[in-house]
Structures are given as C-alpha cells and as structure tokens.
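Written below as structure tokens is the structure these notes are about.
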Amino acid sequence: MEEYKQTNKCSQRSNRHASGISWRLFGALAMFVVVILAVVWIFQVLLLNRFYESTKMDEFKSISDALFASIDDGEELRRQVYTYSADSDTCIRVFEVVNGVADEIADSDINAGCTIHHIESDGLSELYIDACSNGGTVTKRILSPAEDDRSINAVHVSVVKGGSGREYIIMLDSEFAPLNATVQTLEKQFGWITCILIMGALILALAMSRVICVPMEKMSRSARRLAKGDYSVQFDGRGYREAGELADALNYATEELAKNDNLQKELVANISHDLRTPLTMIKGYSEVMRDIPGENSPENVQVIIDETERLTELVNDMLDLSKIKSGTRKPELETFDLTLDINAVMKRYEKLTEHDDYKISFEYDVNVCIHADRTMILQVVYNLINNAINYTGEDKSVRIVQRVEGNTVRVSVIDTGEGIKQEDLPFIWDRYYKVDKFHNRAKVGTGLGLSIVKGILEAHGASYGVKSEIGVGSEFYFELDVTAFCDKEQIF
Ligand code: ADP
C-alpha cells in the first residue's frame with residue numbers, strides 16, 4: 001500500500017512538472033510575442049504620423065538647401081526646380097525680392113492640388129511674413145484649394161539671402177497623405193496578428209514541452225523500476241543532448257548501484273558463511289566432548305580454541321574495516337621508527353621460523369622515522385606478511401624489504417608463491433575478493449585483509465600496489481614519507 005502510494009505521488013509530481021513546463025514555455029513565448037508586437041505597434045501605428053511628418057520635413061529641408069545652393073545661377077536653378085519637383089512630387093516656386101516686390105524666377109506646378117500656385121498673393125504674403133517671424137522658415141498644413149480634392153497639403157517656406165545679397169523666397173508644396181486610414185488598417189491587422197501569434201506560441205509551447213517531457217517521463221518510469229530494485233533498467237534520453245547526458249549519468253548510477261547491491265549480497269553471504277563455519281565446528285566438537293567422555297582430548301579442545309580465534313579474528317577484521325570505511329577510525333599521527341617496529345614484528349614470527357621452516361627475512365639499510373598512525377601501519381605490515389606466509393611457495397620464504405629513495409620509504413613484502421593473474425590484480429583489494437572463487441577455507445584468511453590495508457593506506461594518502469608474476473611470486477608494497485633518518489644503533 002505504502003509503495004503504491006509513493007508511486008502515485010511520484011507520477012502526480014511528474015505530471016505536475018510536465019504541465020508546468022508547457023505553461024511556462026507558453027508564458028515565455030506569449031510574453032515575447034506581446035513585447036515584439038508592442039514595439040512594432042508603437043513604431044508602426046502610434047508614431048507613424050510623426051515619422052511621416054519628420055520624413056517630409058527632412059525632404060523639404062534637403063530640397064530647399066539644394067535650391068539655395070544654385071539660387072544665384074538662374075539657369076541652374078530652373079533645372080534644379082524641375083528635377084526636384086519631378087523626383088519628389090513637389091510643387092516649387094522661387095521668388096527674388098527686388099525693391100520690396102517678389103518677382104518669380106522659377107517654378108514648377110506639377111499637380112492640380114498645388115496650394116502655392118492657387119492661393120492669392122495675400123496668402124503668399126502671409127506665408128512670407130510667418131517665415132520671417134519664425135527665423136526664416138515655416139511649414140504649414142493647408143487644405144488643397146482644388147474643388148474635387150479635399151486633401152491636406154504641407155507648405156514649406158524659407159526666406160534666404162543669396163550671394164549677391166538679394167533676398168529669395170523658396171516655396172515648396174506637397175500633398176500630406178492622410179495616414180489615418182492606414183493606421184486604422186494596421187490596428188485591425190495587429191489584432192489578427194496578435195491572435196495568430198499567441199495561438200502559434202501556444203502550439204509551439206505544447207510541441208516543445210512534449211519534446212522535453214517525453215524523455216523525462218520515460219526516465220521517471222525507469223527510475224520507478226530502479227527504485228523497486230530492477231537494476232536491468234536502461235535510461236533512454238534520446239531527444240536532446242541534456243536528456244542524453246542525464247540518461248548517461250543515471251545509467252552509470254544504476255550500474256554502480258547494481259555493483260554495490262551485488263557486493264552487499266556477496267558480503268552477507270560470505271560473512272554468514274564465515275561465521276557459521278567456526279560456530280558449527282565449536283558446537284559440534286563441544287557436543288562430542290560432552291556426550292563421549294573419551295573425546296575430551298587436548299586435540300579437540302585445540303580445535304575449539306582455533307575456531308574461536310578465527311571467529312575473533314573475523315569479527316575484529318570486520319570491525320576494523322567498518323571503522324576505517326565509515327571514517328570513525330581516523331589515523332592518529334605520531335612520529336615513530338618504522339624500521340624498529342618492523343624488527344619487533346619480525347620477532348613475533350620467530351616461532352614460525354623455528355618450527356615450520358619458514359624463512360622470513362627483513363632487509364634494510366637505514367632506520368627511518370615516519371609520521372603516521374603506528375597501530376594502523378603495523379596492521380598493514382602484519383596483514384601483508386600473513387598473506388605472504390599463507391600464499392608463499394614450497395621454499396616457504398618471505399622477504400620484507402625496506403628501501404629509501406629520496407624522502408620516501410618503500411616497504412615491500414615479497415613471496416615466492418603461485419602469483420596472481422593480471423586480470424585479478426585490480427580486484428584483490430575489494431572486500432571478500434578471492435582469486436579462487438570458491439571462498440575456500442583451506443587457505444586461512446578472512447578475505448578482509450587487503451581491504452583493511454587499502455583503507456589504512458588511503459587514509460594516510462600513501463601509495464601502494466602489487467606486482468605479481470605467475471609461478472614466480474608476488475610483491476605487495478606501500479610508500480610513505482620519511483620524516484627523519486634515525487640512529488640504527490637505537491634498535492639494539
Ligand atoms: P584473504 O584473507 O583471503 O587472504 P585478503 O584480502 O588478504 O584476503 O586477500 C584477498 C585475496 O588476494 C586472497 O584471497 C588471495 O586470493 C589474494 N592474495 C593476497 N595476498 C596474496 C599473495 N601474497 N599471493 C597470492 N595471492 C594473494
């Protein structure tokens with residue numbers, strides 16, 4: 001029930017998310033459309049008349065300037081008047097003021113709606129006076145005098161002084177096209193354009209959100225399967241790059257989760273196997289000794305003691321490893337003589353050397369001091385030596401070699417065993433990894449030794465490794481910084 005609820009919640013969440021995307025996209029696109037239309041509307045509709053007016057004014061000014069440039073050359077002036085008048089659909093009259101009387105020296109009357117050619121001399125005088133009182137130029141809107149033409153004309157008058165010192169009046173007149181109808185048309189069009197574009201934005205938003213959501217929905221379905229423990233699930237992020245990257249990351253996470261899950265299952269299986277075996281032995285031997293008086297022998301008691309030791313060793317290793325892995329056991333650094341301590345360790349193996357013909361040697365040139373957690377580093381040394389003893393060859397020889405290079409000391413534990421296959425080398429540091437996959441009890445060991453070694457050395461930032469050759473043997477080593485070279489005499 002709980003699981004069903006969770007799934008349901010999840011799908012609700014994902015639905016909410018999907019609709020969120022389409023509405024968000026629609027909002028953004030609609031906003032964009034509205035802003036663009038507003039800008040276009042302001043320029044095309046609201047300010048159209050103003051722009052038109054200012055363009056007209058600029059045109060009048062440039063014609064007026066061009067005519068002024070040739071005002072003293074009658075022939076050229078007439079030519080210019082004719083050209084400009086035709087090019088810009090403008091009526092032109094140019095007067096020269098002689099003894100207070102305006103005498104027309106050039107003109108062009110190109111259409112019937114021309115105001116300046118049809119207004120009386122009083123009207124012309126009024127325009128002249130207005131121009132003079134306005135600093136030399138004036139522009140006015142005047143209703144066309146033609147009976148059948150009710151359009152508005154723009155009349156521009158400029159009063160200028162020629163090179164000869166004479167006064168001239170330039171009059172320009174052109175139709176001021178009524179733009180109101182255009183503006184109304186545009187406004188109507190804008191209404192339609194806005195509706196069409198908003199609809200377009202909605203369709204585009206829905207299409208885009210589909211493109212975005214489909215891979216997301218597929219991935220969330222896969223994630224739900226993964227949550228139920230199905231590690232065979234594949235995340236499919238086809239559609240666009242970001243979804244692909246997310247799918248790759250999730251596929252990678254799935255692989256890692258699967259590995260972890262396998263490891264955990266293996267761990268539980270191995271631990272229960274390792275704990276059950278000595279416990280069964282202890283129980284079995286104890287029962288035999290209780291029930292059959294003759295079996296109460298020192299050999300049987302020894303079996304119980306051995307199995308108890310093995311159990312203790314296993315539990316201790318597990319505790320050590322979990323402390324190191326979880327970070328509860330942090331290295332307590334101190335400076336100590338590593339060479340001296342390895343020598344002390346060697347003493348513990350003396351019994352093996354004496355009774356079991358093991359040849360365990362320690363080679364070194366100089367005593368070195370290191371700054372590390374003493375107990376932890378000695379545990380590394382023990383674990384490596386124990387492994388070497390367990391796996392060494394028939395000659396039962398194990399060499400511990402200490403070499404100093406620069407400021408680094410390398411401790412190698414070398415055996416003459418069967419060696420480890422190249423393909424197994426990267427995995428032997430994993431918990432419970434056994435080269436012989438049958439979790440064989442014949443070779444003594446908890447299967448945790450190298451993981452503990454790895455955990456300790458990594459906590460110290462030390463480099464470590466293994467070199468191995470089939471049929472020749474293996475060399476496990478680690479390297480640490482030397483803090484001082486100690487006096488060799490000290491150890492004796
Ligand atoms: P174990 O308790 O099984 O020795 P370890 O973690 O110490 O567990 O070692 C992991 C595996 O690495 C061993 O099972 C063994 O297969 C391999 N191994 C470790 N040391 C040696 C060695 N000196 N020579 C050959 N194989 C080794």
Side-chain angles (χ1 to χ4, degrees), residues 262-264 266-278 306-307 309-325 342 345-346 349 352 356 358-363 376-402 410-459 462 464-478:
N262 273 346
L263 208 71
Q264 232 158 4
E266 222 173 275
L267 196 70
V268 171
N270 289 340
I271 288 175
S272 43
H273 173 268
D274 274 7
L275 289 178
R276 210 181 306 123
T277 318
D306 288 349
E307 291 302 323
E309 268 171 12
R310 191 176 148 66
L311 213 54
T312 315
E313 196 189 340
L314 190 70
V315 171
N316 285 343
D317 275 3
M318 281 179 201
L319 278 177
D320 283 348
L321 188 63
S322 68
K323 276 187 206 158
I324 294 165
K325 289 264 169 193
I342 295 179
V345 169
M346 296 302 295
Y349 289 98
L352 271 179
D356 291 337
Y358 277 97
K359 293 181 264 311
I360 307 172
S361 63
F362 177 35
E363 301 160 25
M376 280 184 161
I377 295 298
L378 292 184
Q379 193 173 358
V380 168
V381 175
Y382 270 119
N383 281 358
L384 293 183
I385 297 178
N386 283 346
N387 275 356
I389 291 170
N390 280 338
Y391 297 100
T392 196
E394 306 243 302
D395 64 353
K396 291 189 170 180
S397 98
V398 172
R399 283 168 60 218
I400 296 112
V401 181
Q402 177 199 286
R410 174 191 274 229
V411 177
S412 302
V413 180
I414 305 162
D415 65 63
T416 57
E418 287 169 21
I420 307 161
K421 283 195 210 124
Q422 203 64 27
E423 65 258 30
D424 286 322
L425 283 181
F427 305 108
I428 54 168
W429 308 92
D430 292 344
R431 281 177 293 185
Y432 281 115
Y433 187 86
K434 297 257 169 190
V435 170
D436 53 348
K437 294 276 179 286
F438 302 104
H439 197 59
N440 194 349
R441 255 186 123 245
K443 293 255 185 229
V444 191
T446 60
L448 297 172
L450 287 183
S451 318
I452 294 174
V453 167
K454 177 183 168 183
I456 292 176
L457 292 174
E458 283 179 357
Y464 60 94
V466 55
K467 294 180 207 163
S468 191
E469 209 180 321
I470 298 296
V472 178
S474 311
E475 173 185 345
F476 284 79
Y477 64 87
F478 62 90

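Note that ligands are numbered from 1 as they come in the structure, with each ligand's atoms numbered from 1 the same way. From a predicted model like this one, the values you see are computed outputs, not experimental measurements.
- Checked by distance only, ligand 1 and Tyr391 come closer than 3.5 Å through their nitrogen or oxygen atoms.
- Looking at Ile420 against ligand 1, only its side chain comes within 4.0 Å, counting heavy atoms.
- Asp415 places no side-chain N or O within donor-acceptor distance of the main-chain N or O of Val398, the cut-off being under 3.5 Å.
- Shown in contact with Ser474 at under 4.0 Å from a heavy atom are these atoms of ligand 1, numbered in order with element: 24 (N).
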In sequence, state the C-alpha distance, the side-chain angles, and the governing distance for Tyr391 and Glu418, and then conclude on side chain to side chain contact (heavy atoms under 4.5 Å, CB included). CA-CA 7 Å; Tyr391 297 100; Glu418 287 169 21; over 6 Å; no

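- Nearest heavy-atom pair, Leu314 versus Leu275, reported as atom, atom and distance to 0.1 Å: CD2-CD2, 3.6 Å.
- For Gly417, the closest heavy-atom approach to ligand 1 does not fall below 4.0 Å.
- Ring-plane geometry between Trp429 and Phe476 is classed as perpendicular, the angle between the planes exceeding 60 degrees on a 0 to 90 degree scale with a lower cut at 30.
- Within ligand 1, the atoms closer than 4.0 Å to a non-hydrogen atom of Ile428 are 10 (C), 12 (O), numbered from 1 in the order shown.
- Looking only at distances, a side-chain donor or acceptor of Thr392 sits under 3.5 Å from a matching main-chain atom of Thr416.
- Residue contacts with ligand 1, taken as heavy atom pairs separated by less than 4.0 Å, involve Asp415 solely via side-chain atoms from C-beta onward.
- For atom 6 (O) of ligand 1, the nearest non-hydrogen atom from the set Leu450, Asn386, Ile452 comes from Leu450.
- Heavy-atom distances between Phe476 and ligand 1 reach below 4.0 Å in at least one pair.
- Here the CG atom belonging to Leu457 is positioned 6.5 Å from the CZ atom belonging to Phe478, to the nearest 0.5 angstrom.
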Asn386/Tyr349 under side chain to side chain contact (heavy atoms under 4.5 Å, CB included): CA gap, chis, key distance, verdict: CA-CA 10 Å; Asn386 283 346; Tyr349 289 98; 2.6 Å; yes

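- Taking every heavy atom of Gly449 and a limit of under 4.0 angstrom, the matching atoms of ligand 1 come to 5 (P), 6 (O), 7 (O).
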